[in-house]
Protein chains: 2
Amino acid sequence: MVTMNDVAKQAGVSKSTVSNVFSKKRPISKEVSEHVLQVARQLNYKPNYFARSLTTRETRIIGLNMRGEKAKFSQFHLSLINGVLRQCYERGYRLLINTLAEKYANRVEFQSSDPVDGEILLDPIEKDPRIEECLEKNLPMVVIGRTAREYSAKVATVDNDNVEAAALVTEHLVGLGHRHILFLNAAKKRTVSIDREAGFQKIIRATYQDIDQPFIAYKAEEETAIDYGYERTLDMLRHNPAISAVIADTDKVALGVYKAAAELGRVIPDDLSVMAFSDEPVFLSEFSPALSSMKLNSELLGMEAANTLIDQIEADSPSVKRTTIATDLILRASTEKNKR
Amino acid sequence: MVTMNDVAKQAGVSKSTVSNVFSKKRPISKEVSEHVLQVARQLNYKPNYFARSLTTRETRIIGLNMRGEKAKFSQFHLSLINGVLRQCYERGYRLLINTLAEKYANRVEFQSSDPVDGEILLDPIEKDPRIEECLEKNLPMVVIGRTAREYSAKVATVDNDNVEAAALVTEHLVGLGHRHILFLNAAKKRTVSIDREAGFQKIIRATYQDIDQPFIAYKAEEETAIDYGYERTLDMLRHNPAISAVIADTDKVALGVYKAAAELGRVIPDDLSVMAFSDEPVFLSEFSPALSSMKLNSELLGMEAANTLIDQIEADSPSVKRTTIATDLILRASTEKNKR
DNA sequence: CTGTTAGCGCTTTCAA
DNA sequence: TTGAAAGCGCTAACAG
């Protein structure tokens with residue numbers, strides 16, 4: 001392996017000169033600089049990332065931390081990553097995807113600080129141990145989603161206004177005369193689930209004082225999105241035929257709903273209105289009929305998260321910036337007046 | 001920051017004892033080990049990644065290297081990443097997504113060896129400079145796709161048999177009586193494009209000796225997949241109404257083809273047969289009519305690539321394993337006998 | 001503008 | 001089974 005020393009000797013200069021030719025942290029005369037660079041090229045020398053990071057304490061890598069066993073990306077995650085990556089690219093950072101945290105967490109050989117300058121935390125629950133850990137380690141972080149109130153003065157977040165988004169979706173359906181609405185919500189512990197439920201309930205309660213138990217289901221972590229939509233819809237509509245509208249957590253869940261509706265002989269939108277929280281601009285229009293949805297702009301979420309995090313890293317001061325990314329109600333053909 | 005020294009002092013042992021408690025590289029008595037671990041926990045100590053990697057020369061990170069400016073993931077990439085990630089998770093590696101290579105390549109401050117134990121190279125062209133670089137640096141690598149022949153004894157690859165896949169697709173269409181087939185191929189320089197073209201040409205040439213110039217288009221790097229499918233189909237079918245079938249590079253391209261067909265008043269599959277090289281199992285069936293396709297099994301590609309790479313890293317010897325991932329012809333409703 | 005020196009936090013001989 | 005000492009390749013403070 002070629003080291004800085006080799007280059008220095010070969011070029012007849014000192015190590016620190018070579019170092020500064022590469023880091024540009026202090027001025028080096030053009031002649032020396034070019035000579036060093038030429039020798040370096042000839043020896044095929046590349047500075048060692050670790051040796052450098054060991055002293056500078058910076059890596060120019062940001063981490064993307066997913067929770068849970070599966071580490072499987074959805075459409076939402078995909079757009080989000082594309083957003084993160086775009087900003088990483090612009091600002092000269094790399095992205096480290098960290099999935100092993102959970103599995104190897106208690107194996108002593110794997111315990112080590114992550115080689116990142118900061119972390120983006122995905123799919124938070126209210127009291128997320130990952131947040132505590134970053135706080136303790138004093139590691140810059142941005143949470144995508146909402147955190148428990150006690151953290152609100154301590155951590156930066158980027159999120160949609162999920163209470164509002166769910167309220168708007170519900171309002172739209174209520175405005176069409178739907179009274180018995182099935183809400184296929186995300187997994188119960190997730191903050192996004194809690195917020196959307198609040199928005200849903202707010203409208204239902206305000207409109208129908210006599211309903212005491214709205215139809216809400218929660219996704220189980222292990223079940224696939226499509227199965228969740230399919231089975232819960234089948235089950236709920238069979239027991240409660242009065243249900244005339246479904247709000248799905250994601251477009252994959254909606255796909256399951258479509259499948260169940262077909263099986264039950266319910267025509268969308270005439271016999272059943274369907275909406276989803278979704279994003280994917282391409283395939284969405286391939287639903288037949290086209291799926292009305294609440295667009296979450298996840299690519300923007302990702303871009304904003306990366307930007308906030310990098311700002312924080314470079315300003316070298318913890319930020320508690322809280323950004324809300326707008327959602328857009330996109331009405332297509334899957335919702336219709338309640339004819340029941 | 002808490003260091004190994006702090007733990008050692010606090011626990012009343014030597015640095016190397018602490019080191020070995022964590023690395024398990026030499027036996028430490030149970031009592032000492034537990035005591036050290038307890039002190040470490042109490043001080044909230046985590047071994048420093050860089051200091052460790054500086055001496056061990058391993059990072060337990062593998063790199064995913066994308067070519068080009070945009071760094072935008074498609075469906076294909078998404079499944080592939082999911083495959084890679086699953087294996088990383090199983091085998092205790094992290095994934096570093098490296099997009100800045102290109103942009104910062106000639107900026108001296110960013111020149112440094114990547115902090116990875118090996119790299120997965122995506123979307124290769126025949127003589128890819130990235131391959132040369134890994135070879136020079138002696139860095140384990142796996143290329144997803146085919147490489148130029150001169151590398152075939154030097155680098156491991158994981159790929160579909162794209163010549164065969166394209167031949168099968170073409171054969172299917174030819175079997176249905178299609179003679180004038182438009183092939184919307186990938187960007188010209190990519191190996192996948194070269195291979196598929198060969199398979200396509202092979203069948204066309206063998207069947208129709210009188211055709212001297214089959215209809216082949218190539219995607220431009222900057223144009224979106226949908227636009228490519230849409231505009232090229234519109235253009236080609238207008239000038240060559242005899243075209244009765246289209247082979248699309250990806251499902252997004254096929255989406256553009258569907259759009260163009262609708263605009264031209266061509267009913268799929270009666271007036272136009274369409275096929276694609278694709279993968280996405282969920283949305284694919286939402287094409288109307290359902291899209292016949294050649295399934296690439298990209299999640300398998302990703303899993304195999306990660307496995308091959310990690311094997312290579314752990315065996316500490318360069319591998320030239322070449323794996324071919326099977327493709328599956330999935331016939332749905334978008335292809336039909338040529339009625340023209 | 002350049003050189004010298006002293007670490008960064010860890011692993012790894014070597015010795016006990 | 002443990003400790004002491006010598007680096008890994010680089011940056012940074014100091015000196016010139």
Side-chain angles (χ1 to χ4, degrees), chain A residues 1-37 39-40 43-61 108-117 137-138, chain B residues 1-37 39-40 43-61 108-117 137-138:
Chain A
M1 174 182 227
V2 191
T3 76
M4 192 169 263
N5 242 326
D6 302 332
V7 177
K9 273 180 194 148
Q10 182 75 238
V13 295
S14 78
K15 248 187 355 173
S16 59
T17 299
V18 177
S19 171
N20 285 296
V21 164
F22 278 92
S23 69
K24 291 193 172 162
K25 292 203 177 170
R26 73 184 190 195
I28 301 284
S29 74
K30 199 156 192 179
E31 295 151 2
V32 175
S33 176
E34 268 167 14
H35 179 226
V36 167
L37 246 22
V39 171
L43 294 179
N44 197 22
Y45 164 77
K46 293 272 166 71
N48 179 307
Y49 209 93
F50 297 102
R52 169 181 285 177
S53 289
L54 184 55
T55 47
T56 60
R57 258 112 233 299
E58 68 160 44
T59 66
R60 293 199 81 87
I61 297 175
V108 137
E109 313 93 285
F110 281 91
Q111 277 190 20
S112 88
S113 57
D114 268 352
V116 297
D117 292 342
K137 286 196 278 189
N138 219 350
Chain B
M1 174 179 228
V2 190
T3 76
M4 191 169 264
N5 241 324
D6 301 331
V7 178
K9 272 181 196 148
Q10 183 74 238
V13 297
S14 77
K15 246 181 4 167
S16 56
T17 299
V18 178
S19 172
N20 285 297
V21 165
F22 278 93
S23 70
K24 292 191 172 164
K25 293 202 176 167
R26 74 183 189 195
I28 301 285
S29 72
K30 201 157 191 179
E31 296 150 2
V32 174
S33 177
E34 269 167 16
H35 179 226
V36 166
L37 244 24
V39 170
L43 293 180
N44 198 19
Y45 165 77
K46 294 273 166 72
N48 179 307
Y49 209 94
F50 294 103
R52 167 181 285 178
S53 289
L54 182 55
T55 46
T56 60
R57 259 109 232 298
E58 69 162 42
T59 66
R60 295 197 82 86
I61 298 176
V108 138
E109 314 94 284
F110 283 89
Q111 276 189 23
S112 88
S113 58
D114 267 352
V116 296
D117 292 341
K137 286 195 278 189
N138 220 351

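Every heavy atom of this structure was used, including side-chain atoms; hydrogens, water molecules and symmetry mates were not.
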Quiz item: Between C:dG9, C:dC10, D:dC10, which nucleotide has the shortest distance from any of its atoms to the side chain of A:Met4?
Solution: D:dC10
Quiz item: At under 4.0 Å, does any side-chain N or O of A:Thr3 touch on OP1 or OP2 of D:dG9?
Solution: no
Exercise. Measure the CE-CG distance between A:Met1 and B:Asn138 for me, rounded to the nearest 0.5 Å.
Key: 11.0 Å
Quiz prompt | Which nucleotide in D:dA4, D:dC10, C:dT2 has an atom nearest any side-chain atom of B:Ser14 | solution = D:dA4
Quiz item: Between atom CZ in B:Phe50 and atom P in C:dG9, what is the gap in whole Å?
Solution: 13 Å
Quiz item: To the nearest angstrom, how far is B:Asn5 atom CG from C:dC8 atom P?
Solution: 9 Å
Quiz item: Does B:Arg26 get its side chain close enough to the base of D:dG3, under 3.5 Å, for a donor-acceptor pair?
Solution: yes
Quiz prompt | Atom-to-atom span, CG of B:Asn20 to P of C:dT13 - whole angstrom | solution = 12 Å
Exercise. Looking only at non-hydrogen atoms, find the nearest pair between B:Asp114 and B:Lys137 and report the distance.
Key: N-NZ, 4.4 Å
Quiz item: Can you name the closest pair of heavy atoms from A:Tyr45 and A:Thr3 and give their distance?
Solution: CE1-C, 3.6 Å
Quiz item: What is the distance from CD of B:Glu58 to P of C:dT11, rounded to the nearest Å?
Solution: 11 Å
Quiz item: If you look at every strand shown and take non-hydrogen atoms under 4.0 Å, does B:Lys15 touch a base, only sugar-phosphate, or nothing?
Solution: base
Exercise. Would you mind telling me which residue lines up with the more 5' stretch of DNA chain D, B:Ser33 or B:Thr55, judged by nearest nucleotide?
Key: B:Ser33
Quiz prompt | d(NZ, A:Lys46; P, D:dC10) in whole Å | solution = 13 Å
Quiz item: Start at the 5' end of DNA chain D and walk down; is the nucleotide closest to B:Thr17 or to A:Thr56 reached first?
Solution: B:Thr17
Quiz item: How many angstroms lie between OG1 in B:Thr17 and CE in B:Met4, if you round to the nearest 0.5 Å?
Solution: 10.0 Å
Quiz item: Taking only side-chain nitrogens and oxygens of B:Ser19, does any of them come within less than 4.0 Å of OP1 or OP2 of C:dT11?
Solution: yes
Exercise. Rounded off to whole Å, could you give me the CG-to-P distance for the A:Asn48 and D:dG7 pair?
Key: 18 Å
Self-check item: Whole-Å gap separating P (D:dG9) and CZ (B:Arg52)
Solution: 18 Å
Exercise. Classify the side chain of A:Ser16 and the base of C:dT4 as holding, or not holding, a donor-acceptor pair under 3.5 Å.
Key: yes
Exercise. May I ask you to verify if any side-chain N or O of B:Ser29 is less than 4.0 angstrom from the OP1 or OP2 atom of D:dT2?
Key: yes
Quiz item: With respect to the phosphate group of D:dC10, does any side-chain polar atom (N or O) of A:Tyr45 fall under 4.0 Å of OP1 or OP2?
Solution: yes
Exercise. Let me know the distance between NZ of A:Lys9 and C1' of C:dG3, rounded to the nearest Å.
Key: 15 Å
Quiz item: Where do B:Val2 and B:Asn44 come nearest, in terms of heavy atoms and distance?
Solution: CG2-O, 4.4 Å
